Structures are given as structure tokens and as C-alpha cells.
Peer 1: 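Structure incoming, see below.
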2 protein chains.
Amino acid sequence: MEAVLRQQIGKIVSLSDDEFQFVLSHFLVGNYKKHQYIIQQENPVPYVHFVVKGLLKSFYIDKSGKKHILQFAMKDWWITDNQGFYNKQNATLNIDCLEDAQTFYITLENREKLCAELQKMEFFFLQKMTAGNIALQNRILSLMSKNSEERYMQFIQLYPDLIHRIPKTLIASYLGISRETLSRLSH
Amino acid sequence: MEAVLRQQIGKIVSLSDDEFQFVLSHFLVGNYKKHQYIIQQENPVPYVHFVVKGLLKSFYIDKSGKKHILQFAMKDWWITDNQGFYNKQNATLNIDCLEDAQTFYITLENREKLCAELQKMEFFFLQKMTAGNIALQNRILSLMSKNSEERYMQFIQLYPDLIHRIPKTLIASYLGISRETLSRLSH
DNA sequence: GCATTAACGTGATATAGGTCACAAATTATT
DNA sequence: AATAATTTGTGACCTATATCACGTTAATGC
């Protein structure tokens with residue numbers, strides 16, 4: 001399972017065996033069951049998680065009690081409540097498991113120490129964060145310029161593997177539409 | 001005007017005079033007139049800009065010809081087409097000036113050289129990118145969970161200074177609503 | 001200072017998508 | 001295997017927001 005993390009980093013910077021062991025020593029391993037929460041609204045956000053296997057979702061509950069999915073995270077994805085984690089605030093999001101999952105997780109302190117000690121890791125995280133920004137900007141433009149059907153088609157195209165692992169209800173919530181509307185689209 | 005950039009960086013990492021001069025040497029200065037484009041769809045995106053004064057907007061034109069504002073950028077803000085800039089692709093966005101503007105701009109090569117030479121600048125850019133991510137995630141949740149009026153109120157609260165400098169039509173476009181709907185909200 | 005263009009407000013009408021309600025089908029749990 | 005819980009489909013109806021079409025006012029450029 002270390003290989004998953006190593007490969008992910010290796011796509012951006014090259015690490016010797018020793019360097020990777022050093023990187024790894026900053027992380028912990030966690031195993032979670034379906035339905036288990038790893039981050040909860042109103043609570044501190046001590047870690048960012050790198051998913052090794054399984055599937056998680058982060059979601060926001062608005063003032064009328066409605067859930068909105070911000071992100072799904074499967075193997076190779078990073079997930080946390082960014083606002084809580086980076087600003088050391090309590091979570092406004094919840095994160096739980098859609099499937100049994102395993103993650104490598106790291107504290108902000110350890111991440112910063114790691115970056116200070118091994119500059120290429122800072123480069124790695126910057127690249128990841130940049131890619132995240134691009135994806136988020138595209139999602140905003142998609143929400144603003146596409147209708148429900150176009151957004152659903154785009155989701156299928158972007159994440160073909162997720163379609164079969166996630167209930168339509170949750171995909172609808174991710175796309176910002178009601179489950180009924182999504183149901184009527186899919187033929 | 002150098003002071004604007006220095007202060008922006010100084011909020012995150014401390015720089016000696018020499019270090020700041022070194023940082024500065026990687027940037028160029030640009031002056032632009034109202035209505036002038038600094039980035040155009042289908043063209044390369046050689047720079048990311050740090051705004052010293054004036055006001056710019058980035059926008060996407062969808063397939064039906066409708067404009068959607070992705071970002072406004074005033075003093076102290078960074079702006080570019082991220083996808084084009086970081087992935088060395090042609091722009092999918094346009095960026096032009098709402099007011100005469102001045103920016104410090106830098107190429108990706110220079111930015112990477114700067115980060116390699118002065119590690120705290122990499123930390124700086126990572127912090128900025130992280131803050132950007134948080135803002136984008138909040139915007140997505142806002143688009144998904146709030147109605148037009150709530151989004152407009154939130155905009156006023158977040159950017160009180162912009163309200164008087166930007167036509168309502170453009171604010172509507174940023175919020176993802178029609179100008180008529182916004183007009184009917186504002187009493 | 002005048003002419004052009006952009007911005008704004010507002011009525012009338014259309015529509016995408018939301019909400020509610022119920023039943024069927026599928027998946028989990030013991 | 002039986003029971004409970006979740007997911008999905010679909011009809012009927014509702015509503016927020018879009019669109020179209022004006023006229024008015026305010027900026028802007030020459």
C-alpha cells in the first residue's frame with residue numbers, strides 16, 4: 001500500500017528509497033469502515049488524508065438541513081476540510097466513508113516539517129494544490145454555464161469509474177441538482 | 001509600487017531588502033488601459049499577474065456565447081488563466097481591465113527558478129494557492145446551497161469595496177444569475 | 001458638449017428544475 | 001432467508017429564475 005503513495009508522489013518528483021521512507025515516516029495509516037466519519041462538522045481537523053483504497057465523500061449541510069457533496073475521494077485522491085485543516089479552525093464539512101477505506105494521513109505540523117526538510121515535497125504539494133485549483137475553477141464554470149444534463153454527462157466523462165460505485169442520489173447532490181431531476185435525465 | 005508586492009509577501013514570509021530585490025528581479029511591470037485584454041482565449045498564457053492597482057476580470061465565454069465571470073482582481077490579487085498558465089495550454093479564459101491597471105507579472109519558468117532559489121517563496125505560493133482553494137470551495141458550496149439573494153448578500157459582505165466599482169451586470173454574471181434578477185433583488 | 005454606448009429598472013411570459021408523494025426494486029444487516 | 005433500509009423511477013404540481021422587450025438614465029469617448 002505504500003506503493004500507492006510512492007507512485008503518486010513519483011509522478012511529480014523523483015524520490016530515492018531512503019527519501020520515500022523519510023516521507024512515509026511523517027504519515028500514519030488509518031482504516032475505516034463504511035459509514036464511519038473521519039471528519040465532523042464543528043470538530044477540529046487534525047489531518048489531511050491520502051486515500052489508498054476505498055471511497056469517501058465530503059459534504060456540507062446547509063442551514064435548511066440539505067446535504068451538498070463537495071468532493072468524492074477514491075484511491076490516489078487527497079481529502080480533508082481545507083478551511084479547517086489549513087486555518088486550524090473547526091470543520092464546516094463532514095467526511096465519511098462510502099466504502100471501507102484506508103488512508104495515509106498527516107498533520108499540518110508534519111507536513112510543514114516535511115516540506116522544510118525535503119524541498120521537493122513542497123513542490124509536490126504546490127503542484128497538487130494547483131491542479132486542485134484548476135479543477136475547482138472548472139467546476140464553478142460548469143455550475144454556471146451548463147445545465148443538469150450537461151453537468152451529468154461531464155461527470156460521467158471525468159469519472160467513469162465512480163458512476164457505478166456511487167448512488168445516483170449522491171451524484172445528483174454533487175452536481176447541484178435534485179435526485180428526481182437526475183433520475184429523469186438518465187432516460 | 002514595489003511596496004504593494006513586498007507587503008503581500010511579507011504577510012506570509014519575512015524578506016530582507018536584498019531578498020526582496022532578488023524576488024523583484026524575476027518580475028516585470030505592465031501598465032494596461034481600461035478594456036485592454038491581458039489574456040485571450042485560444043492564446044498562450046505566458047504570465048501570472050499580481051495586481052498593483054486597477055481592476056481586472058477573468059471570464060469564460062460558453063458555447064452559446066454567454067459570458068461568465070470567474071474572478072475579479074483588484075490590488076493585492078493574483079490573476080491568470082491557471083489551466084493555461086500551469087499546463088502550458090492555450091487560454092480558455094479571457095482577462096481584461098475594468099479600470100486602468102498596473103501589474104507585476106512573472107513567467108512560469110521564472111517562478112519555478114525563484115522558488116528553487118529561495119525556498120520561502122515556494123512556501124508563499126503554496127499558502128496563496130491553498131487560500132485560493134478554500135475560497136473556490138466556498139464559492140462552489142455557495143452556488144449549490146444559496147439562492148440569488150443570499151449569494152448577493154454574501155458578495156457584498158466579502159467584497160464591500162467592489163460593489164461600487166463594478167457594474168451590477170458583471171456582479172450578476174459572477175454570481176451566476178441574470179442581470180434582471182439581480183436588479184429585482186437590489187430593491 | 002454631443003453622440004454613442006453601456007447600465008439599470010421593470011413588466012409580461014416561459015421554463016428548468018424543485019418539491020411532494022407513492023410504489024417498486026435493490027442492497028444491507030441480523 | 002427474512003427484514004429493514006436505501007435507492008430509484010415517475011406523476012402532479014410549484015417556484016425561482018431566465019428570457020424577451022421596452023424605456024430611462026448615466027457614463028464614456030471624441
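The analysis underlying the following values was restricted to heavy atoms, covering all of them including side chains, and did not include hydrogens, waters or symmetry mates. In what follows, chains are A, B, ... by sequence order, proteins preceding strands, each numbered from 1. This structure is a prediction, so every number in the text was calculated from the model and none was measured.
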Peer 1: Between D:dA16 atom C1' and B:Leu175 atom CG, what is the distance in whole Å?
Peer 2: 15 Å
Peer 1: Taking the basic N atoms (NZ, or NE/NH1/NH2) and the acidic carboxylate oxygens, is any pair closer than 4.0 Å for B:Lys120 and A:Glu122?
Peer 2: no
Peer 1: Do the rings of B:Trp78 and B:Phe27 sit parallel, tilted or perpendicular, given the 30° and 60° boundaries?
Peer 2: tilted
Peer 1: Using 30° and 60° as the class limits, which term best fits the ring planes of B:Phe50 and B:Phe104: parallel, tilted or perpendicular?
Peer 2: parallel
Peer 1: Whole angstroms only, please: what is the NZ-P distance between B:Lys168 and C:dT10?
Peer 2: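 Result: 11 Å.
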Peer 1: Write down the distance between CG (B:Leu98) and P (C:dA7), rounded to a whole number of angstrom.
Peer 2: 9 Å
Peer 1: Once rounded to the nearest 0.5 Å, what's the spacing between atom CG of B:Leu175 and atom OG of B:Ser148?
Peer 2: 8.0 Å
Peer 1: When you check every protein heavy atom under 4.0 Å of nucleotides 17-30 of chain C, what one-letter string (B, S, -) results, 5' to 3'?
Peer 2: SBBBB------S--
Peer 1: Measure the acute angle between the ring planes of B:Tyr159 and B:Tyr174, then classify it against the limits of 30° and 60° as parallel, tilted or perpendicular.
Peer 2: perpendicular
Peer 1: For the residue pair A:Asp81 and A:Val45, what are the closest heavy atoms and their distance?
Peer 2: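 Distance-wise, the nearest heavy atoms are O-CG1, 3.8 Å.
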Peer 1: Within this structure, what is the NZ-to-P distance between B:Lys67 and D:dA18, rounded to whole angstrom?
Peer 2: 18 Å
Peer 1: Could you check A:Gln89 against A:Gln83 for side-chain contact (heavy atoms from CB on, under 4.5 Å), going step by step and ending with a plain yes or no?
Peer 2: CA-CA 7 Å; A:Gln89 295 166 1; A:Gln83 185 151 20; 3.3 Å; yes
Peer 1: Nearest-Å distance, CD (B:Glu99) to C1' (D:dT28)?
Peer 2: 14 Å
Peer 1: For the pair made of CD1 in A:Ile171 and P in D:dT6, what is the distance, rounded to whole Å?
Peer 2: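 Going from CD1 in A:Ile171 over to P in D:dT6 covers 18 Å.
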Peer 1: Can you tell me how far P of D:dA18 sits from CE of A:Met144, to the nearest Å?
Peer 2: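 So the CE-P distance, A:Met144 to D:dA18, works out to 12 Å.
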Peer 1: Could you give the angle between the helix axes at the two ends of the helix from C:dG1-D:dC30 to C:dT30-D:dA1, with five pairs per end, rounded to 10 degrees?
Peer 2: 70°
Peer 1: Check this for me, if you would: do B:Lys34 and B:Asp100 make a salt bridge, where the nitrogen-to-carboxylate-oxygen distance has to be below 4.0 angstrom?
Peer 2: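 Here B:Lys34 does not pair with B:Asp100 in a salt bridge, since their nearest N and O are not under 4.0 Å apart.
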Peer 1: Please say which of B:Val29, B:Val23, B:Leu24, B:Val52 ends up in a side chain to side chain contact (heavy atoms under 4.5 Å, CB included) with B:Glu2.
Peer 2: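 Checked B:Val29, B:Val23, B:Leu24, B:Val52 against B:Glu2; only one passes side chain to side chain contact (heavy atoms under 4.5 Å, CB included): B:Leu24.
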Peer 1: Counting just side-chain N and O atoms, does B:Thr169 come under 4.0 Å of either OP1 or OP2 of C:dC8?
Peer 2: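 Yes, B:Thr169 has a side-chain N/O under 4.0 Å of OP1/OP2 on C:dC8.
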